[in-house]
Structure formats: C-alpha cells, structure tokens
Amino acid sequence: MEFLYNVFTVLHFVGWALVLGGYVASLRTPGLYKGVFHGAATALVAGIVMVGLAEMGDFLSYDLNMTKIGIKLGIALVIAVLAFVGKRQGDKIAPALKHSIGALVLVNIVVAVFV
C-alpha cells in the first residue's frame, strides 16, 4: 500500500510540474498549453487517491490534516476548471485567467509546504 501511495505522490508532483511549467512556458504566447489542463487533472485525481490510500492504510507516521487537504482540494478544483476554460478558449484566453492559474498553483504549493 505504501508503494502505491508513493506512486500517486510522484504522479501528483508531475501533474503540478506540468501545470506550473506549462504556465511559465506560455507566458510569451497568447494561448495556454493543453498540458496545463491535463497536469491539473492528473494532480487532482492523484491527490484524491493519495488521501484515500492514506485513510485506508496505517503506513503514514503522521495524522492527516483535513483542513489543509480541503483547502488544497478547493484550490486544485479551481485550477482545473480555469485550465479547462483556458484550453477551450484557445488563443483568446484572457491574461488574468492565465495568471490566476499560475498564482493559484503557487498558493497550493505554499499551503502544502507551510500549513
């Protein structure tokens, strides 16, 4: 069970790396890379699976902070929806929408590390 948890942790990190990297790479272009949505969906699903595995198993050396998980879940949902909307808009994406994705990813990372 711990191995499976670690696999989904890696997928979670790779998903957020895709979102942040896609955002940074698309700063000088009018559109948003399609990988941003796929990365957000991967990170969202992997995070949900990680919480489920952690609740089922007894392998973590700490208790889960459900407040932190709820905040991260809400932010991840907003990022996934914004990325989906941005993907659908193509090159006509508003700069505020693009920058809000980048800002929310950074907020999600800060919550993960400091809360």
Side-chain angles (χ1 to χ4, degrees):
M1 195 68 91
E2 185 176 358
F3 175 75
L4 193 58
Y5 180 84
N6 290 335
V7 167
F8 279 100
T9 302
V10 169
L11 284 174
H12 187 69
F13 290 156
V14 168
W16 286 126
L18 281 170
V19 175
L20 191 58
Y23 162 73
V24 170
S26 69
L27 282 176
R28 295 184 184 255
T29 61
L32 189 66
Y33 289 124
K34 295 176 185 172
V36 172
F37 169 68
H38 296 294
T42 300
L44 179 65
V45 170
I48 291 170
V49 171
M50 284 170 52
V51 172
L53 288 172
E55 283 288 316
M56 285 189 329
D58 215 11
F59 52 86
L60 292 180
S61 61
Y62 56 89
D63 291 331
L64 295 177
N65 183 349
M66 289 300 173
T67 304
K68 174 180 174 177
I69 291 169
I71 291 169
K72 286 182 55 61
L73 175 64
I75 293 171
L77 282 170
V78 170
I79 292 169
V81 168
L82 290 176
F84 180 75
V85 169
K87 183 182 88 160
R88 299 280 292 184
Q89 288 179 352
D91 287 344
K92 297 180 180 109
I93 184 173
L97 190 136
K98 185 189 293 190
H99 296 309
S100 63
I101 291 172
L104 285 171
V105 169
L106 291 177
V107 167
N108 213 2
I109 292 169
V110 167
V111 169
V113 173
F114 291 113
V115 175

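Sequence positions, counted from 1, serve as the residue numbers for this chain.
- Remark: the backbone N or O of Tyr23 is not paired with any side-chain donor or acceptor of Lys98 at under 3.5 angstrom.
- You'll find the side chain of Ile71 stays beyond 4.5 Å of the side chain of Val115, heavy atoms only.
- Linking Ile, Leu, Val, Met, Phe, Trp and Tyr whenever their side-chain heavy atoms come within less than 4.5 Å leaves Ile109 and Val14 in two separate clusters.
- Between Leu73 and Val51, every side-chain heavy-atom pair lies at or beyond the 4.5 Å cut-off.
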message = With side-chain contact (heavy atoms from CB on, under 4.5 Å) as the criterion, how do Trp16 and Ile79 come out once you've worked through the C-alpha distance, each side chain's angles and the decisive distance to 0.1 Å?
response = CA-CA 10 Å; Trp16 286 126; Ile79 292 169; 3.8 Å; yes
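- Transitive grouping of hydrophobic side chains (ILVMFWY, heavy atoms separated by less than 4.5 Å) brings Val78 and Val36 into a common cluster.
- The shortest non-hydrogen separation linking Ala25 to Tyr33 is CB-CE1, 3.3 Å.
- The backbone N or O of Ala112 sits less than 3.5 Å from a side-chain atom of Lys68, completing a donor-acceptor pair.
- When every heavy atom of Gly31 is checked against every heavy atom of Ser26, the shortest pair comes out as O-CB, 3.6 Å.
- Inter-residue side-chain proximity for Leu27 and His99 is flagged as met; some heavy-atom pair is nearer than 4.5 Å.
- Smallest separation of non-hydrogen atoms from Gly86 and Ile93: CA-CD1, 3.6 Å.
- With rounding to the nearest 0.5 angstrom, the CD1 atom of Ile69 is 4.5 Å from the CG atom of Leu64.
- Leu11 and Ile48 fall into different hydrophobic clusters, defined by Ile, Leu, Val, Met, Phe, Trp and Tyr side-chain heavy atoms under 4.5 Å apart, directly or through other members.
- No chain of hydrophobic side-chain contacts below 4.5 Å, direct or via other Ile, Leu, Val, Met, Phe, Trp or Tyr residues, connects Met50 to Ile75.
- Linking ILVMFWY side-chain heavy atoms closer than 4.5 Å, directly or via other members, places Tyr5 and Met56 in a single hydrophobic cluster.
- Atom-to-atom distance recorded for Phe8:CZ and Phe3:CZ is 10.5 Å, nearest 0.5 angstrom.
- Each of Val107, Leu44, Leu77, Asn108 was checked for a side-chain contact (heavy atoms from CB on, under 4.5 Å) with Lys72, and the lone residue meeting it is Asn108.
- At least one side-chain heavy atom of Met66 sits under 4.5 Å from a side-chain heavy atom of Glu55.
- By the 4.5 Å heavy-atom criterion applied to side chains, Leu18 and His38 are not counted as neighbours.
- For the pair Ile101/Val19, a side-chain contact is recorded, criterion being any heavy-atom separation below 4.5 Å from C-beta on.
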